[in-house]
Amino acid sequence: MNLTKPVKNMSRYLKRLKEDDEACREALKSGIFLLYHKLSPLLRETSSGIYTLASLKTSDLEHILEKVGKDKHFVNESFLLGCTDKGEPQFSLEVGDIDRSALEQECRGMFVDLRKAFFMLPGPESPLAAKGQALLRWHQTNCFCSATGQPTIRNQSGSFRVCHSSGITYYPKMAPVVIVLVSDGSRCLLARQTMFPLGMYSALSGFCDMGESVEETLHREVAEEVGLEVKNIQYSGSQHWPFPQSSFMLACHATVNPDKTQVNIDKAELEDARWFTYEEITEALRKPPLDPRREPPVFWVPPSYAIANQLIQEWANQQQLSRKLHGLK
Ligand SMILES: NC(=O)c1ccc[n+]([C@@H]2O[C@H](COP(=O)([O-])OP(=O)(O)OC[C@H]3O[C@@H](n4cnc5c(N)ncnc54)[C@H](O)[C@@H]3O)[C@@H](O)[C@H]2O)c1
Ligand SMILES: [Mg+2]
C-alpha cells in the first residue's frame, strides 16, 4: 500500500488550516470534536462494552451546546488537532464551564481523568486523547505574555498565541526528557520514585538541561540517579507524554560493563533501583493491565501505552533472541 500521497496531501491540508484562519474557520463546519471537561476527555462505551473517545460532528455539537444553554458559536473556541484517515479535521474543545452531568447525559458519555482513560481506551486512541488535553492545557496556561503581562491572542487553529504589545509569538511547548533502559548484558536496571504507584518500576529518566544533547543528558542522569557509567547508546523511539505537563520522551537503550553494576542510589530522586533478570521481566510483561479493585502486584512495569514499556519489551525480545542463539530457554 502506498501511503505517501494521501499523507503528503493531508500534511499540506493541515498546514493550511494551521496558518490560515479563514480556512480553519471553514473547516470547523465539517469537523470532528473531542470534548474535555476540566481536561478530562469524553469517553463513550460501545455496544460491545469497549470504551472509545467520543467524537462529535459539528451539527451534533452545536445542537448539544444549545440544549445545555451555550451559544453554538462556542465551537469556534476549539483547537485543531489533526485529521482523521478520511480527511476530516479534528478539534479539541474545553467545556469545563458547562454542567458536567448535563453534558454527559446529552453526549451519552462520561468525562474520565486522562490517566484512567489511558487504561480504558484502545491503544491508538491514547496519543490523540493526550494531544487534545496537552493543547488545551498549554492555551489555558499561556494567556499572558511573560515579557509585558498583556493578554496573548490565539490564532484560529491554536497553533500559536501572539502578544500584540511586544510582538512575541508563543508556540506550544514540550520539555525534552531522555528515558533509558540500562542493561548489563543479562539484566536490566529499573527504578521507582516514591510518587509511583505501589510496585511499579520503570526505566531511568530525566529532563534535558538547557544546551544539552540527548547523549549528555543520558550520561548525566544515569550518573546522578544511580552512579553508573553507560556506553553503547542506541536510540529506540519517541513519545509525547502529557503528565504532568507536556514532555517529549526520547527513548534509548544503553549498557554498562558487567563488572561495574553496583548501584549508588540518589535517595532524593529515587526510592529504589534494582537489576531485574529476564525471567522477572517476562513475568511482569505478561501481567494483565492493573485492576483497581485488586491489590497491585509486588513488581510490575508501566503499561503498554508508556514508552518505558516499549523499551522493556525490546530488551526482553533481544534477550530471547540471544538466549536462542546460545541454546538457552
Ligand atoms: N512515558 C513513559 O514511559 C515515562 C517513563 C518515565 C518517566 N516519564 C516522564 O518523564 C518525566 C521526567 O522524568 P523524571 O521525573 O525522572 O525527571 P528528572 O529525573 O529530571 O527529575 C524531575 C525533577 O527535575 C526537575 N526539572 C528539571 N527540568 C524540569 C522540567 N522541564 N519540568 C519539570 N521538572 C523539571 C524538577 O525538580 C523535577 O522534580 C516525568 O514527567 C515523567 O512523567 C515518562
Ligand atoms: Mg529521573
Side-chain angles (χ1 to χ4, degrees), residues 39 113-119 121 123-131 133-134 137-138 141-142 146 170-183 188-228 230 233-254 263-274 276 281 284-285 287 289-290 299-316:
L39 297 177
D113 177 77
L114 186 63
R115 275 189 196 270
K116 201 169 156 209
F118 271 11
F119 281 99
L121 290 170
E125 289 199 341
S126 294
L128 184 64
K131 182 176 178 177
Q133 192 209 55
R137 188 197 296 279
W138 183 80
T141 50
N142 286 272
S146 50
Y170 294 91
Y171 295 96
K173 276 197 181 61
M174 298 188 279
V177 172
V178 174
I179 176 162
V180 57
L181 188 64
V182 178
S183 169
C188 70
L189 185 65
L190 298 178
R192 56 171 280 109
Q193 299 176 9
T194 37
M195 63 196 272
F196 281 7
L198 213 62
M200 191 187 89
Y201 279 73
S202 185
L204 298 174
S205 59
F207 288 96
C208 296
D209 279 349
M210 186 67 83
E212 268 183 340
S213 66
V214 168
E215 294 80 355
E216 285 166 341
T217 306
L218 197 153
H219 283 290
R220 177 180 56 75
E221 280 292 334
V222 177
E224 271 178 21
E225 293 190 351
V226 290
L228 291 173
V230 288
I233 298 172
Q234 278 196 328
Y235 174 73
S236 162
S238 65
Q239 173 183 56
H240 165 248
W241 189 244
F243 312 114
Q245 305 270 336
S246 278
S247 294
F248 181 55
M249 309 293 304
L250 293 141
C252 298
H253 292 275
V263 291
N264 176 1
I265 302 169
D266 176 1
K267 285 283 182 183
E269 294 264 336
L270 300 176
E271 185 184 88
D272 190 23
R274 274 164 47 199
F276 289 88
I281 293 293
L285 286 170
K287 282 180 188 143
L290 222 52
F299 161 55
W300 57 287
V301 293
S304 57
Y305 61 77
I307 202 152
N309 184 283
Q310 175 186 309
L311 284 173
I312 297 167
Q313 281 280 359
E314 284 171 354
W315 180 82

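Start at 1 and go down the list; that is how both ligands and their atoms are numbered.
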Main-chain N/O of [Y] paired to [X] side chain as donor or acceptor, under 3.5 Å:
| X | Y | answer |
| --- | --- | --- |
| Q239 | Y305 | yes |
| Y170 | S146 | yes |
| W315 | V182 | no |

*With E271, which residues qualify under salt bridge (Lys or Arg N to Asp or Glu O under 4.0 Å), at least two apart?*
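With sequence neighbours excluded, E271 shows a salt bridge (Lys or Arg N to Asp or Glu O under 4.0 Å) to R192, given in chain and number order.
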
Let me check something: any side-chain donor-acceptor pairs from residues 240-252 under 3.5 Å, sequence neighbours excluded? List them with distances.
{"unit_1": "H240", "atom_1": "NE2", "unit_2": "S246", "atom_2": "OG", "d": "2.9"}

Closest approach of [X] to [Y] (non-hydrogen atoms, all atoms of both residues):
| X | Y | answer |
| --- | --- | --- |
| Q313 | L285 | NE2-CD2, 3.8 Å |
| I307 | G237 | CD1-C, 3.7 Å |
| F207 | T217 | O-CG2, 3.7 Å |

*Counting heavy atoms not belonging to E216, are there more than 12 under 6.0 Å from its CD?*
yes

Identify the protein atoms, limited to N or O, that lie within less than 3.5 Å of an N or O atom of ligand 1, and list each pair with its distance to 0.1 Å.
{"unit_1": "ligand 1", "atom_1": "1 (N)", "unit_2": "Q239", "atom_2": "OE1", "d": "3.1"}
{"unit_1": "ligand 1", "atom_1": "3 (O)", "unit_2": "I307", "atom_2": "N", "d": "3.3"}
{"unit_1": "ligand 1", "atom_1": "3 (O)", "unit_2": "A308", "atom_2": "N", "d": "3.0"}
{"unit_1": "ligand 1", "atom_1": "13 (O)", "unit_2": "S205", "atom_2": "OG", "d": "3.1"}
{"unit_1": "ligand 1", "atom_1": "15 (O)", "unit_2": "Q193", "atom_2": "NE2", "d": "3.3"}
{"unit_1": "ligand 1", "atom_1": "16 (O)", "unit_2": "Q193", "atom_2": "NE2", "d": "3.2"}
{"unit_1": "ligand 1", "atom_1": "16 (O)", "unit_2": "S205", "atom_2": "O", "d": "2.9"}
{"unit_1": "ligand 1", "atom_1": "16 (O)", "unit_2": "S205", "atom_2": "OG", "d": "2.8"}
{"unit_1": "ligand 1", "atom_1": "19 (O)", "unit_2": "S205", "atom_2": "O", "d": "3.1"}
{"unit_1": "ligand 1", "atom_1": "19 (O)", "unit_2": "E221", "atom_2": "OE1", "d": "3.4"}
{"unit_1": "ligand 1", "atom_1": "19 (O)", "unit_2": "E225", "atom_2": "OE2", "d": "2.8"}
{"unit_1": "ligand 1", "atom_1": "19 (O)", "unit_2": "E269", "atom_2": "OE1", "d": "3.2"}
{"unit_1": "ligand 1", "atom_1": "20 (O)", "unit_2": "F207", "atom_2": "N", "d": "3.0"}
{"unit_1": "ligand 1", "atom_1": "41 (O)", "unit_2": "F243", "atom_2": "O", "d": "3.3"}
{"unit_1": "ligand 1", "atom_1": "43 (O)", "unit_2": "W241", "atom_2": "NE1", "d": "3.1"}
{"unit_1": "ligand 1", "atom_1": "43 (O)", "unit_2": "F243", "atom_2": "O", "d": "3.4"}

*asked:* For the Mg ion (ligand 2), which protein N/O/S atoms fall under 2.8 Å? Skip waters.
replied: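 Result, waters dropped: S205 O, E225 OE2.
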
